[in-house]
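Working notes for the structure below.
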Amino acid sequence: MPELPEVQALVDFLGERTAGLAVTKVELASISVLKTFNPPPQALEGAPIDGVYRHGKFLDLDCDGTHLIFHLARAGWLRWSDQLPTTVLRPGKSPIALRIRLSDGSGFDLTEAGTKKSLAAYIVMDPSEVPGIARLGPDPLAVGFTVERFRELLDGRRTQIKGLLRDQEVIAGVGNAYSDEILHVAKVSPFAIAGNLAPDVVDRLYAALRETLSSAVEAASGKPAKELKDAKRAGMRVHARTGEACPECGDVVREVSFADTSLQYCATCQTGGKPLADRRMSKLLK
């Protein structure tokens with residue numbers, strides 16, 4: 001799933017390529033991808049693109065006051081074309097869910113692989129009309145997101161820190177991959193209870209959160225959309241690197257698997273050398 005750094009890179013990519021252009025056509029190949037019905041897709045046609053923005057993991061194209069907002073979810077992606085094909089999309093014949101044609105012949109497709117469809121698009125007059133945006137917590141890279149604010153978010157929480165970092169209503173934009181990376185940099189167990197973290201650990205975790213995301217945004221900046229997935233994978237320290245050597249201490253990177261996801265960590269760096277039990281309600285092995 002694209003997270004804050006990749007979504008920001010897509011925003012910058014689209015912002016550069018759509019500057020001065022207008023939407024000429026909106027084509028839906030999957031009716032289910034569009035979660036709103038008013039305004040209709042035709043409201044975007046003929047509208048200039050005034051800007052491209054990010055809200056957590058949501059991308060927002062402001063088209064003369066009407067917003068096309070989409071969330072790529074787990075298997076969605078944006079595919080850019082300098083010259084889109086002239087053929088009309090046929091529903092159910094490809095992974096393309098939605099196509100946006102622009103005034104110079106360029107445009108992009110929103111695609112989704114697999115059978116579980118979670119890609120979501122919205123056409124609204126105000127981004128806050130999108131429920132997921134309305135519920136978002138603060139952006140961790142915002143100027144006002146201070147260590148004091150972070151401490152307030154953790155205070156009294158009986159939630160495991162891994163889950164809290166991924167909770168979009170607490171902090172916007174961090175998902176499974178970057179939460180693994182942040183916790184590894186901070187040397188914190190993914191199962192540590194957020195409200196129990198010592199003040200110095202909270203400071204360390206805050207620094208790791210900001211630095212990890214800032215570095216990833218910088219690394220992704222300027223890359224075309226088609227290169228962002230590979231760039232993300234290449235930059236990971238522990239996430240999706242089960243069985244490889246920890247880049248910090250050389251210990252093996254371990255994994256905890258759940259029903260539909262997994263996490264990776266280094267026992268030496270993060271859990272005092274004790275492996276975590278690989279089960280849903282995992283605790284440190286005694």
Side-chain angles (χ1 to χ4, degrees), residues 1-9 56-57 137-143 145-155 157 159-168 170-221 223 228-256 261-276 282 284:
M1 177 185 293
E3 299 178 36
L4 186 158
E6 295 78 49
V7 174
Q8 185 61 52
K57 300 178 190 177
D139 191 292
L141 293 184
V143 174
F145 189 76
T146 62
V147 67
E148 290 77 19
R149 179 74 177 107
F150 183 58
R151 200 181 307 280
E152 290 172 1
L153 293 175
L154 270 57
D155 189 38
R157 300 264 187 173
T159 308
Q160 291 174 343
I161 190 62
K162 165 79 174 178
L164 184 140
L165 290 174
R166 294 183 61 190
D167 188 338
Q168 299 304 294
V170 179
I171 298 173
V174 179
N176 192 39
Y178 285 104
S179 57
D180 281 351
E181 297 296 291
I182 290 161
L183 290 167
H184 180 255
V185 171
K187 300 185 184 302
V188 174
S189 167
F191 295 143
I193 301 302
N196 290 350
L197 296 176
D200 64 311
V201 177
V202 174
D203 290 345
R204 197 165 71 232
L205 185 57
Y206 172 79
L209 171 66
R210 300 268 288 193
E211 291 167 11
T212 300
L213 294 177
S214 295
S215 296
V217 167
E218 184 177 354
S221 178
K223 287 186 170 57
L228 286 173
K229 289 183 181 180
D230 289 341
K232 176 182 179 179
R233 283 190 286 266
M236 293 288 117
R237 298 160 59 95
V238 293
H239 181 75
R241 297 199 179 280
T242 304
E244 298 181 24
C246 167
E248 193 71 24
C249 71
D251 192 7
V252 64
V253 174
R254 302 170 190 268
E255 177 176 305
V256 176
T261 188
S262 63
L263 66 83
Q264 287 78 40
Y265 71 101
C266 171
T268 295
C269 291
Q270 296 175 251
T271 61
K274 299 178 181 179
L276 297 169
S282 185
L284 284 174

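Being a predicted model, the structure only gives us computed values, none of them experimental.
- The side-chain heavy atoms of Leu276 and Arg254, taken from C-beta on, include no pair separated by under 4.5 Å.
- Shortest non-hydrogen contact noted between Leu164 and Thr159 is N-CG2, 4.0 Å.
- Closest approach of Val7 to Gly56, counting heavy atoms only: CG1-O, 4.2 Å.
- Contact record, Glu6 with Leu228: O-CD1, 3.9 Å, taken as the closest heavy-atom pair.
- Side-chain contact between Leu205 and Leu183 is present, with at least one heavy-atom pair separated by less than 4.5 Å.
- You'll find the side chain of Leu263 stays beyond 4.5 Å of the side chain of Glu255, heavy atoms only.
- In this structure, Ile193 CD1 and Leu154 CG are separated by 11.0 Å, a value rounded to the nearest 0.5 Å.
- One finds the OG1 atom of Thr271 at 10.0 Å from the CZ atom of Phe191 (value rounded to the nearest 0.5 Å).
- From Lys229, atom NZ reaches atom NZ of Lys232 across 10.0 Å, with rounding to the nearest 0.5 Å.
- Counting only residues at least two apart or on different chains, the salt bridge (charged side-chain N to carboxylate O under 4.0 Å, His left out) pairs with a member in residues 192-203 are Arg151-Asp203.
- Side chain of Gln270 to backbone of Cys266: a donor-acceptor contact under 3.5 angstrom is found.
- For the pair Gln264 and Thr242, the tightest heavy-atom approach, listed with the atom from each and the gap, is CG-OG1, 3.3 Å.
- Among residues two or more places apart in sequence or in another chain, the side chain to side chain donor-acceptor pair (under 3.5 Å) test is passed with Thr212 by none.
- For Glu181 (side chain) and Val238 (main-chain N/O), a donor-acceptor pair under 3.5 Å exists by modelled atom type.
- In this structure, Met236 and Arg241 approach most closely via the heavy-atom pair O-NE, 2.6 Å.
- When atom types are taken as modelled, the side chain of Gln168 and the backbone of Val174 share a donor-acceptor pair closer than 3.5 angstrom.
- Taking the side chain as every heavy atom from C-beta outward, Pro190 and Asp180 never approach each other to under 4.5 Å.
- A donor-acceptor pair under 3.5 Å links the side-chain atoms of Ser215 to the main chain of Glu211, judged by distance alone.
- To the nearest 0.5 Å, atoms OH (Tyr178) and CG (Leu165) are separated by 14.5 Å.
- What you find for Leu197 and Val201 is that their closest heavy atoms are CD2-CG1, 4.0 Å.
- Between the Glu244 side chain and the Val252 main chain, no donor and acceptor come within less than 3.5 Å of each other.
- With sequence neighbours excluded, the residues satisfying side-chain contact (heavy atoms from CB on, under 4.5 Å) with Glu248 are His184, Lys187, Arg237, Cys246, Cys269.
- Once rounded to the nearest 0.5 Å, the distance linking CG of Leu4 with CG of Leu213 reads 5.5 Å.
- Going from atom CZ of Arg149 over to atom OH of Tyr206 covers 11.5 Å, rounded to the nearest 0.5 Å.
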